[in-house]
Amino acid sequence: MIRIVDKYTIILEQDAKLPEDIEQTALSIINEVKEFGDEALFKYAKEYDKAELKSLIVSDKELKEAYEQIDDDLLAVIKRARENIENFHKRQISNGFIMEKNGVILGQKVTPIERVGIYIPGGRAVYPSSVLMNVIPAKIAGCQYISVVTPPRSDGTIAKEILAICYMLGVDKVYKIGGAGAIAALAYGTKSVLPVYMITGPGNAYVAAAKKYVFGKVGIDMIAGPSEILIIADQKQNARIIAADMLSQAEHDPLARCILLITCKNQAEEVAKELERQLHILPKEEIARKSIENEGLIVICDTLEECFNISNNLAPEHLELMLDDAMNYLSKVHNAGSIFLGRFTPEPVGDYYAGVNHTLPTNQTAKFSSALSVDTFIKKSTFVSYTQDALANDKDDIILFAKHEGLDAHARSVENRFLKE
């Protein structure tokens, strides 16, 4: 049964630190891939995925066949989702700028990251939606080379849904590798795997640990933890729907966090009953029950203002405002990965279809970070140009500043331009 508390007295911060044994295993795998390359990747495919691979690379033929075999109805849905995601992310395109005054030109140049690698998990479920959410913004950003890594099944194949979307989106290379080894291969390269400059995409704890270790050699999107949903609701809302929305995240992972902040005790108790009823009919009951019983919580708040204060402190990955006129409360949200407004906006519309990205900050990192976007796949360089007269006008200020910091060579680099030969 989920816990119900009258006051927010329980510390809800999840420990973002990964277990030491997982970190050590990931580091060992990284070092082996760095040293032995493809040989290590074949070994780990056999050890972890039970797959005897002849090649790490998905062939063009496999990609095309997967696309041709995909169910027509599903393909139509994927195409509509693609259009929605593209339309939303195209609005995120950044432009450079130039400003000029008194002989000084300043500006910013926006450049796509040339090579990116995207991790698509296997394991408990197949996530073709993650291909859409990662590849589309990278394409819109203008990345020249995009590769996808995903663990093979025991027969050496990849789910056709994943391959079909890779084919449809024009992914340059798809590799049958997973776990920490895949992250290492993307970061350092092997005979088969071209190294990249940025790695994105969700994964398990070993993938997260590997991304942590390779950061600095390459860029990463984030180190994501278990999924989170926080719902703010009042007494007007339907307990059945609230419970269903909480379970939509609970089925992801036993460590998924599902929190309800509500202003009515009777409604809180109804939600608890609904959770129990719906758990019994959920195919992934065991996973969802562990999440609800260990990480779930219903907090009865005195006011909506208190609900928003708690929510902003927790900075949830997904925030549902199940309130009438929910848009009017948007300004009260300061920290959240993605916000779902109103009773007819369940979190799954963001996971698959609406167009917003579903790769989101967890573990309270929404206090300082953002959803995956086109910005993830670009870099911004500044530039400056001075004329002789402009530098002559500013040189005394620059020299004074440099000498004040004790950096005489800085000052002299300016002074030397005005010394007579």
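Worth saying up front: this structure is predicted, and the values here are computed from it rather than measured. Note that the numbering runs from 1 along the sequence shown for the chain.
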K.L.:
Could you pull out all residues at least two apart from Ala164 that satisfy side chain to side chain contact (heavy atoms under 4.5 Å, CB included)?
P.N.:
Tyr67, Ile70
K.L.:
Can you list the residues that meet the side chain to side chain contact (heavy atoms under 4.5 Å, CB included) rule with Tyr329, with sequence neighbours excluded?
P.N.:
Leu304, Phe308, Leu321, Leu323, Lys332
K.L.:
Quick one: list whatever passes side chain to side chain contact (heavy atoms under 4.5 Å, CB included) with Ser338, sequence neighbours left out.
P.N.:
Phe340, Val356, Leu360
K.L.:
Quick one: are Val218 and Leu186 in side-chain contact, heavy atoms under 4.5 Å?
P.N.:
no
K.L.:
I'd like to check the salt bridge (Lys or Arg N to Asp or Glu O under 4.0 Å) partners of Glu161; sequence neighbours left out, ordered by chain and number.
P.N.:
none
K.L.:
Identify whether the distance between the nearest side-chain nitrogen and carboxylate oxygen of Glu274 and Arg277 falls below 4.0 Å.
P.N.:
yes
K.L.:
With sequence neighbours excluded, give me every salt bridge (Lys or Arg N to Asp or Glu O under 4.0 Å) pair touching residues 106-122.
P.N.:
none
K.L.:
Residues in salt bridge (Lys or Arg N to Asp or Glu O under 4.0 Å) with Arg153, at least two apart?
P.N.:
none
K.L.:
For Phe215, is the CZ atom crowded, meaning more than 12 foreign heavy atoms sit under 6.0 Å from it?
P.N.:
no
K.L.:
Using the salt bridge (Lys or Arg N to Asp or Glu O under 4.0 Å) rule, collect all pairs that involve residues 199-221, keeping only residues at least two apart or in two chains.
P.N.:
Glu23-Lys212, Lys211-Asp221
K.L.:
Enumerate the side chain to side chain donor-acceptor pair (under 3.5 Å) contacts for residues 139-151, please, sequence neighbours excluded, ordered by first and then second residue.
P.N.:
Tyr145-Tyr175
K.L.:
What residues form a side chain to side chain contact (heavy atoms under 4.5 Å, CB included) with Ala138, not counting sequence neighbours?
P.N.:
Val116, Cys143, Ile146, Phe377
K.L.:
Please name the residue in the list Asp245, Asn238, Asp324 that meets the side-chain hydrogen bond (donor to acceptor under 3.5 Å, both in side chains) test with Arg343.
P.N.:
Asp324
K.L.:
Go through the structure and list residues passing salt bridge (Lys or Arg N to Asp or Glu O under 4.0 Å) with Lys43, not counting sequence neighbours.
P.N.:
Glu32
K.L.:
Which residue pairs pass the ring-ring contact (aromatic ring centres under 6.0 Å, His included) test with at least one member in residues 26-50, sequence neighbours excluded?
P.N.:
Tyr44-Tyr48
K.L.:
Taking salt bridge (Lys or Arg N to Asp or Glu O under 4.0 Å) as the definition, give me every residue that meets it alongside Lys90, ordered by chain and number, with sequence neighbours left out.
P.N.:
none
K.L.:
Atom CD of residue position Glu286 - does it have more than 12 heavy atoms of other residues, nucleotides or ligands inside 6.0 Å?
P.N.:
no
